Student: 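Below: one structure in structure tokens.
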Amino acid sequence: MTHEVPPSLPPADAAAPPRGRAPGGSPDAGPAYPAATSAAPASTAPSSTAPAGTAPAGTRPASTASATTAPAAAEEADVIVVGAGPAGSATASYLARAGVDVLLLEKAQFPREKVCGDGLTPRAVKALIGMGVPVREQDGWVRNKGLRIIGGGIRLELPWPELSSFPGYGLVRTRLDFDEILARTAQKAGARLLEGVTVTGPVLDDDGRVTGVTARSTADAGGPERSYRARVIVAADGSSSRLSLAMGLSKRDDRPMGVAVRTYYTSPRHDDDYLESWLDLWDGPRQLPGYGWIFGMGDGTSNVGLGMLNTSDSFGHVDYRDLLRRWLAGLPPEWGYIEENRTLPIRGAALPMGFNRTPHYTRGLLLAGDAGGMVNPFNGEGIPYALESGELAAEFIAQALARPDAAGAERVLMAYPQALKAAYGGYYTLGRRFVQAIGNPKVMQFATRHGMPRPALMRITLKLLANLTEPRGGHATDRVIHALSKMTPAA
Ligand SMILES: Cc1cc2nc3c(=O)[nH]c(=O)nc-3n(C[C@H](O)[C@H](O)[C@H](O)COP(=O)(O)OP(=O)(O)OC[C@H]3O[C@@H](n4cnc5c(N)ncnc54)[C@H](O)[C@@H]3O)c2cc1C
């Protein structure tokens with residue numbers, strides 16, 4: 001399922017827009033934290049020192065009524081994107097390509113590790129290609145042909161479907177360099193990336209509309225804050241999205257949530273050309289809760305992990321690291337998934353699914369990626385949805401900024417949640433029902449027992465779970481999946 005693309009943006013190689021309105025900052029400033037330490041103390045900085053003319057017509061500039069203390073003279077941009085993960089870098093990249101002055105604030109310094117399975121389906125590959133990221137093998141990408149599913153005592157290799165809308169291959173890449181590649185892509189397109197800058201809160205006007213953010217150097221937690229101002233702010237700060245929280249947008253309890261842990265082992269299976277997914281995990285004769293994966297990284301290691309959904313009775317009541325060790329202890333020793341071969345600590349993180357934070361636009365703030373709970377409930381994949389929602393957010397923002405008045409701009413921004421719903425709403429509602437059903441181990445056992453012996457059925461299931469269908473026409477199964485998604489209310 002792909003979203004309808006509103007008016008197209010300039011191609012990736014279009015001339016980069018003028019950059020660097022930062023006072024004294026190098027336009028290409030990578031790691032530099034703008035001269036914040038010399039700023040006047042917050043209490044002495046009147047809001048009137050902020051540069052004028054950045055607020056949309058009809059809205060007031062940031063005032064001292066802000067939820068946070070008013071910091072020194074603000075750096076300004078048309079748009080501020082908080083977080084340079086896949087969602088933030090995609091948003092910033094597409095905005096910059098549309099000629100918008102965009103400031104991308106990231107608390108970490110690249111390269112940085114991120115807890116992930118590192119698996120990219122054809123849906124993610126398509127989004128990367130659209131963003132202008134070279135995905136050739138000589139650029140360090142490792143390709144895979146499909147998904148191997150292991151469950152109910154059966155092992156099934158399902159190639160990615162051959163479709164006009166998606167490439168027939170997936171990729172793996174550690175997030176250590178994947179996220180840096182995306183951030184540099186945004187920077188190359190013209191976005192001003194500031195690394196090592198932790199956003200501490202929104203700056204609000206008297207109407208509660210966000211007109212900027214406060215931030216400080218990550219390296220100096222007790223250091224001074226400074227403010228950044230923009231007409232539109234994007235929260236792309238991941239699952240916990242403190243910026244959304246500060247704007248009153250908390251997680252929805254009625255939406256699915258997953259937790260997953262992963263680590264890496266040196267292994268002879270590092271060059272596996274299939275992503276491998278385990279539907280049932282065993283500790284001797286005892287079935288363990290959760291689902292597992294083994295992805296060969298092509299660099300001598302495998303990314304191995306397991307996840308669990310909050311519809312499972314065991315959710316939150318088990319030691320996930322211990323679970324991983326128990327599962328791996330039962331796998332063939334020649335695969336090498338033993339303590340001595342572990343190259344990184346076992347680390348875990350949340351998977352916010354099925355739009356678990358809404359609305360996706362309010363009072364000057366758009367949500368993209370995990371901040372908006374956009375992980376696919378069917379398969380726990382979040383990167384393509386982070387990239388796609390970033391692109392969509394950029395399209396709406398670019399259109400909004402071109403409206404001559406604030407009311408017109410607001411109308412455009414208010415339509416972003418509707419566009420997200422049209423793209424994923426019905427599909428995610430189906431996904432929520434799926435997650436509810438498989439939370440019952442008996443349903444999962446039944447599905448595994450009856451599905452796995454039927455490869456044709458599993459090929460259709462793969463299309464459904466990975467959201468890989470032709471948006472128009474295509475095979476009858478594509479049309480059925482589409483009809484189901486469209487008929488299901490996008491709640
Ligand atoms: C164990 C595990 C395995 C997974 N495996 C896969 C997989 O194989 N394939 C897949 O597609 N998805 C997978 N996912 C999901 C995927 O990791 C996420 O959906 C994806 O990272 C979302 O991207 P994002 O840009 O929205 O958020 P993130 O990747 O979380 O990026 C958010 C960024 O914001 C920055 N940030 C946060 N707060 C601030 C702040 N205050 N100021 C400045 N910057 C800030 C962070 O440093 C980070 O760089 C997995 C998730 C987990 C937990």
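Remember, it's 1-based here, ligands and their atoms both numbered in the order they're listed. When reading the values below, keep in mind they use all heavy atoms of this one structure, side chains included, and skip hydrogens, waters and symmetry mates. In this chain, numbering begins with 1 at the start of the sequence shown. Computed from a predicted model, the values in this text were never measured in an experiment.
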Student: Heavy atom to atom 23 (O) of ligand 1, shortest distance: which of Gly390, Gly85, Pro86 holds it?
Tutor: Pro86
Student: Among Ile383, Leu351, Thr200, which residue places a heavy atom closest to atom 11 (O) of ligand 1?
Tutor: Ile383
Student: Could you tell me whether some N/O pair between Val199 and ligand 1 is separated by less than 3.5 angstrom?
Tutor: yes
Student: State if Arg242 counts as touching ligand 1 under the rule of any non-hydrogen atom under 4.0 Å.
Tutor: no
Student: Is any side-chain N of the basic residue among Arg231 and Asp78 closer than 4.0 Å to the acidic one's carboxylate O?
Tutor: no
Student: If you define the side chain from C-beta out and look only at heavy atoms, does anything of Val304 sit under 4.5 Å from Trp293?
Tutor: no
Student: Against heavy atoms of Gly369, which atoms of ligand 1 measure under 4.0 Å?
Tutor: 26 (O)
Student: Does the Arg321 side chain pair with the main chain of Ile346, one donor and one acceptor, at a distance under 3.5 Å?
Tutor: yes
Student: Is there at least one pair of N or O atoms, one from Ser239 and one from ligand 1, spaced under 3.5 Å apart?
Tutor: no
Student: Could I get the full list of side chain to side chain donor-acceptor pair (under 3.5 Å) partners for Tyr361, not counting sequence neighbours?
Tutor: Arg209, Glu410
Student: Give the single entry among Val115, Leu194, Thr121 that approaches atom 52 (C) of ligand 1 most closely by any heavy atom.
Tutor: Val115
Student: Out of Gly88, Ala236, Gly83, whose heavy atom sits nearest atom 32 (C) of ligand 1?
Tutor: Ala236
Student: Would one find an N or O of Val82, backbone or side chain, under 3.5 Å from an N or O of ligand 1?
Tutor: no
Student: Pairs of nitrogen or oxygen atoms closer than 3.5 Å, one from Lys107 and one from ligand 1: do any exist?
Tutor: yes
Student: For atom CZ of Arg326, is the number of surrounding heavy atoms from other residues, nucleotides or ligands below 6.0 Å larger than 12?
Tutor: yes
Student: Between Asp322 and Arg325 (salt bridge meaning N to carboxylate O under 4.0 Å), is one present in this structure?
Tutor: no
Student: Does Glu157 pair with Arg459 as a salt bridge, N-O distance under 4.0 Å?
Tutor: no
Student: For Thr362, give me all partners under side-chain contact (heavy atoms from CB on, under 4.5 Å), at least two apart in sequence or on another chain.
Tutor: Leu249, Pro359
Student: Would you tell me which option among Arg216, Arg112, Arg175 has the nearest heavy-atom contact to atom 29 (O) of ligand 1?
Tutor: Arg175
Student: Against ligand 1, does Cys116 come closer than 4.0 Å with any heavy atom?
Tutor: yes
Student: What I want to know is whether Gly117 and ligand 1 share at least one N or O pair that is separated by under 3.5 angstrom.
Tutor: yes
Student: Check each atom of ligand 1 against the heavy atoms of Pro384 and keep those under 4.0 Å away; list them by number with element.
Tutor: 11 (O)
